[in-house]
Amino acid sequence: MTNPHIGNTGVNFDDEESRQCFLAGLVIRSLSITTSNWRCVESLGDYLAERNVMGIYDVDTRAITRRLRQDGSLIGVLSTEQSRSDDELLEMSRSWDIVGIDLISGVTCNAPYEWVDETKLEWDFNSDGRDRDTYRVIAYDFGIKHNILRRLASYGCKITVVPSTWPAAETLKLKPDGVLFSNGPGDPSAVPYAVETVKEILGKVPVFGICMGHQLLGQALGGKTFKMKFGHHGGNHPVRNLRNGHVEISTQNHNYAVDPASLREGVEVTHVNLNDGSCAGLAYPALSIMSLQYHPEASPGPHDSDCAFREFIELMDSTKQAA
């Protein structure tokens, strides 16, 4: 965490975005010794300890941030084994690399399940004029955030969540109105099975890719992905929607990006990150495809991009009407 003071609001379970905490470790500057928030149910330290997640504080995270900004992403090691020498710890860091590692398989669900929860009324927004037609959506879980599912359900979708290895043929047997390819961690080039699944579904039904799903769509459309210097992380990234000129403040968390120059003819870049000009969204109208590199569901974060869910609904609806 780059913010120096962490833990003062504590933790509440309503804000959890996945079925379990998948953190490997947490590094912060200053750990609050007290919590003060009406929704707090336990402290950050207790939350991590109960889940066997290692954390460390009193670390100069600003110095680390400056180093990463200069040198790009680096591998670090946290250990409680005091017997290990510095050389051994360095060797551990050099023996691991995020490139080429399938991280999706460790976070996906084990079996299909139905999702029904909508956004709770006290947190809902953008609800005016929302129709209540039901759309059948299959959501591939590459590490999916719950608020993506809540927003889809709030827009009238009946959702079945399936594992990352779920066959495309089984998805198409369910006759969905659309398919969502979710966010997820790691290198999209390390999961060729997911790219093949995407390829088999394209053109059959409308699809929406978010984050990892966006990158998999890029590869399925003939494009290449590349590792960024230090990725995009945080809740304040400006993105321009090239179709209407609007600027959205977005939440992002990814280390890879799609090279738009490598995409097949007809694929449209719809959104651009204004910090570095990287591709932040794609569309291929001929195959009813849309994707975003960032998180339209936010949670936490701004709501500027929630309209993307309505666009997915409209994409499914127009395909229905044309059938």
Side-chain angles (χ1 to χ4, degrees), residues 1-12 15-18 21-32 37 44 47-48 53 55-57 59-76 98 103 107 123 125 142-148 151 182-188 209-215 225-241 246-258 271-281 291-308:
M1 296 287 190
T2 54
N3 193 68
H5 197 55
I6 301 294
N8 51 309
T9 61
V11 176
N12 77 83
D15 287 347
E16 291 189 317
E17 281 294 317
S18 57
C21 179
F22 289 106
L23 275 181
L26 182 64
V27 181
I28 64 176
R29 175 65 180 264
S30 176
L31 178 65
S32 176
N37 185 276
L44 174 61
Y47 178 88
L48 296 180
V53 176
I56 185 172
Y57 65 95
V59 175
D60 188 348
T61 53
R62 190 62 205 162
I64 294 176
T65 301
R66 289 196 298 268
R67 173 77 184 276
L68 297 178
R69 187 169 60 192
Q70 175 180 321
D71 297 338
S73 298
L74 299 169
I75 305 300
I98 191 174
L103 297 180
V107 298
W123 303 112
F125 50 89
F142 300 132
I144 199 165
K145 287 180 65 182
H146 287 170
N147 212 45
I148 292 175
R151 297 313 294 151
S182 84
N183 61 291
D187 182 357
I210 295 176
C211 211
M212 171 62 80
H214 160 85
Q215 295 163 14
T225 55
F226 63 93
K227 190 174 185 302
M228 308 174 82
K229 183 176 180 180
F230 39 68
H232 295 155
H233 310 279
N236 58 352
H237 288 260
V239 170
R240 182 181 297 280
N241 183 327
H246 293 170
V247 174
E248 305 166 14
I249 303 303
S250 67
T251 296
Q252 305 204 9
N253 188 26
H254 62 102
N255 290 305
Y256 291 82
V258 175
H271 298 73
V272 173
N273 187 299
L274 292 179
N275 285 336
D276 60 9
S278 60
C279 174
S291 70
L292 295 175
Q293 178 58 85
Y294 51 97
H295 288 271
E297 85 293 343
S299 189
H303 301 155
D304 298 25
S305 306
D306 189 71
C307 57

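Since the structure is predicted, the reported quantities are computational estimates derived from the model, not experimental observations.
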Find the distance between [atom1] ([X]) and [atom2] ([Y]) and round it off to the nearest 0.5 Å.
X	Y	atom1	atom2	value
H146	D15	NE2	CG	12.5 Å
N12	Y47	CG	OH	10.0 Å
N3	T61	CG	OG1	8.5 Å

Are any non-hydrogen side-chain atoms of [X] and [Y] less than 4.5 angstrom apart?
X	Y	answer
V107	S18	no
Q215	Q293	yes
P296	D306	no
D304	H246	no
L74	I64	no
F22	P185	no

Indicate the atoms forming the closest heavy-atom contact of [X] with [Y], along with that distance.
X	Y	answer
S73	N255	OG-OD1, 4.2 Å
C211	N183	CB-CB, 3.7 Å
V258	C279	O-CB, 3.7 Å
P302	G235	CD-O, 3.6 Å
S32	G7	CB-C, 3.7 Å
M212	G186	CE-O, 3.5 Å

Applying the side-chain contact (heavy atoms from CB on, under 4.5 Å) test to L31, which of L44, I56, N8, L26 qualifies?
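When side-chain contact (heavy atoms from CB on, under 4.5 Å) is applied between L31 and each of L44, I56, N8, L26, only L44 qualifies.
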Would one find more than 12 heavy atoms of other residues, nucleotides or ligands at under 6.0 Å from atom CE of M1?
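Open.
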Enclosure of F230 CZ (heavy-atom neighbours >12, cutoff 6.0 Å):
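Counting other residues, nucleotides and ligands, CZ of F230 exceeds 12 neighbours.
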For Y294, the option from Q252, H214, E248, H237 that meets side chain to side chain donor-acceptor pair (under 3.5 Å)
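Of the listed residues Q252, H214, E248, H237, the side chain to side chain donor-acceptor pair (under 3.5 Å) partner of Y294 is E248.
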Test side chain to side chain contact (heavy atoms under 4.5 Å, CB included) on K145 and I210; report intermediate values, then the result.
CA-CA 10 Å; K145 287 180 65 182; I210 295 176; over 6 Å; no
Going by atom types alone, do H295 and N147 pair a side-chain donor with an acceptor below 3.5 Å?
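H295 vs N147: no donor-acceptor pair found between side chains.
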I'd like to know whether L274 forms a side chain to side chain contact (heavy atoms under 4.5 Å, CB included) with V239, so could you lay out the CA-CA distance, the side-chain angles of the two residues, the decisive distance to 0.1 Å, and finally the verdict.
CA-CA 5 Å; L274 292 179; V239 170; 6.0 Å; no
With a 4.0 Å cut-off, would you call D187 and K227 a salt bridge?
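Not counted as a salt bridge, because no side-chain N and carboxylate O are separated by less than 4.0 Å.
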Derivation of the side-chain hydrogen bond (donor to acceptor under 3.5 Å, both in side chains) call for H232 and D276
CA-CA 10 Å; H232 295 155; D276 60 9; 2.7 Å; yes
Under the side chain to side chain contact (heavy atoms under 4.5 Å, CB included) rule, what do K229 and L68 come out as? Steps first, then yes or no, please.
CA-CA 9 Å; K229 183 176 180 180; L68 297 178; over 6 Å; no
Go through D60 and R29 one step at a time and tell me if the side chain to side chain contact (heavy atoms under 4.5 Å, CB included) criterion holds.
CA-CA 6 Å; D60 188 348; R29 175 65 180 264; 3.5 Å; yes
